[in-house]
Amino acid sequence: MKKIVVCCNLYPSKKELLHYLLTKVEGLYSENYDALIDALTYYKTPLQIEFKQLNSYKDKDNLEEILEIIHKENPIISFIKC
């Protein structure tokens with residue numbers, strides 16, 4: 001299982017988070033939530049993304065909705081929110 005750790009205090013905005021994930025998620029070619037959903041929906045390797053200090057993220061509610069959509073579409077993608 002691949003694991004990605006995201007420290008939200010280092011990437012507190014959508015732009016910063018997606019720029020970081022662009023380097024970590026195969027198949028992610030654009031810095032927007034739709035591209036993240038597309039990339040992870042078709043991900044074939046189990047992946048766990050841990051979001052540390054999620055309360056530091058400026059658009060936390062919207063991000064959590066996106067994470068729920070991704071997990072529903074592809075259950076081998078899991079998220080830990082700290």
Side-chain angles (χ1 to χ4, degrees):
M1 171 184 291
K2 182 176 177 178
K3 185 174 181 178
I4 299 172
V5 177
V6 178
C7 295
C8 292
N9 62 330
L10 299 176
Y11 310 104
S13 70
K14 177 180 174 181
K15 181 179 179 178
E16 293 166 317
L17 172 66
L18 291 171
H19 184 72
Y20 172 72
L21 290 177
L22 196 63
T23 66
K24 301 291 181 190
V25 176
E26 293 175 41
L28 180 59
Y29 299 111
S30 182
E31 295 178 12
N32 61 61
Y33 284 146
D34 287 335
L36 183 64
I37 291 169
D38 289 345
L40 292 180
T41 294
Y42 297 104
Y43 217 72
K44 303 224 184 294
T45 305
L47 172 66
Q48 181 182 72
I49 303 177
E50 181 177 344
F51 290 90
K52 293 185 174 188
Q53 299 175 334
L54 186 58
N55 287 333
S56 300
Y57 192 72
K58 294 177 184 173
D59 193 18
K60 178 183 163 218
D61 293 338
N62 196 17
L63 176 62
E64 288 183 318
E65 288 178 26
I66 298 301
L67 301 180
E68 287 177 25
I69 290 168
I70 292 168
H71 182 69
K72 182 178 177 185
E73 294 294 319
N74 189 351
I76 68 169
I77 308 297
S78 62
F79 304 99
I80 297 173
K81 304 172 215 170
C82 308

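- Of the inter-residue distances, the one linking L28 atom CG with L36 atom CG reads 6.0 Å to the nearest 0.5 angstrom.
- Atom NZ of K2 has more than 12 heavy atoms from other residues, nucleotides or ligands within 6.0 Å.
- The two residues A35 and S30 make their nearest non-hydrogen contact at CB-O, 3.6 Å.
- I4 is listed as a side-chain neighbour of Y20, based on a closest heavy-atom distance under 4.5 Å.
- Between N74 and L47, the closest side-chain pair of non-hydrogen atoms is not below 4.5 Å.
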Can you give the donor-acceptor pairs under 3.5 Å from side chains of residues 48-59 to other protein atoms, not counting sequence neighbours?
unit_1: E50; atom_1: OE1; unit_2: K3; atom_2: NZ; d: 3.2
unit_1: Q53; atom_1: OE1; unit_2: N9; atom_2: ND2; d: 2.9
unit_1: N55; atom_1: OD1; unit_2: K60; atom_2: NZ; d: 3.2
unit_1: S56; atom_1: OG; unit_2: Q53; atom_2: O; d: 3.3
unit_1: Y57; atom_1: OH; unit_2: K14; atom_2: N; d: 3.3
unit_1: Y57; atom_1: OH; unit_2: Y33; atom_2: OH; d: 2.8
unit_1: D59; atom_1: OD2; unit_2: N62; atom_2: ND2; d: 3.1

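- Atom CD of E65 and atom CG of L63 lie 9.5 Å apart (nearest 0.5 Å).
- Residue I77 comes nearest to L40 through the heavy atom pair CG1-O, 3.7 Å, listed as atom of the first residue, atom of the second, then distance.
- In terms of heavy atoms, E16 sits closest to S13 at OE1-OG, 3.0 Å.
- Interatomic distance, CG of L22 versus CD of E31, reported as 5.0 Å (0.5 Å rounding).
- Using a 4.5 Å cut-off between side-chain heavy atoms of Ile, Leu, Val, Met, Phe, Trp and Tyr, with links allowed through other members, I80 and I76 fall into different hydrophobic clusters.
- From L21, atom CG reaches atom OG1 of T23 across 7.5 Å, with rounding to the nearest 0.5 Å.
- I70 and V5 fall into different hydrophobic clusters, where Ile, Leu, Val, Met, Phe, Trp and Tyr are joined by side-chain heavy atoms under 4.5 Å apart, directly or via other members.
- With rounding to the nearest 0.5 angstrom, the CG atom of D38 is 6.5 Å from the OG1 atom of T41.
- In this structure, Y43 and V25 have side chains that are in contact, with non-hydrogen atoms separated by less than 4.5 Å.
- The two residues G27 and A39 make their nearest non-hydrogen contact at O-CB, 3.5 Å.
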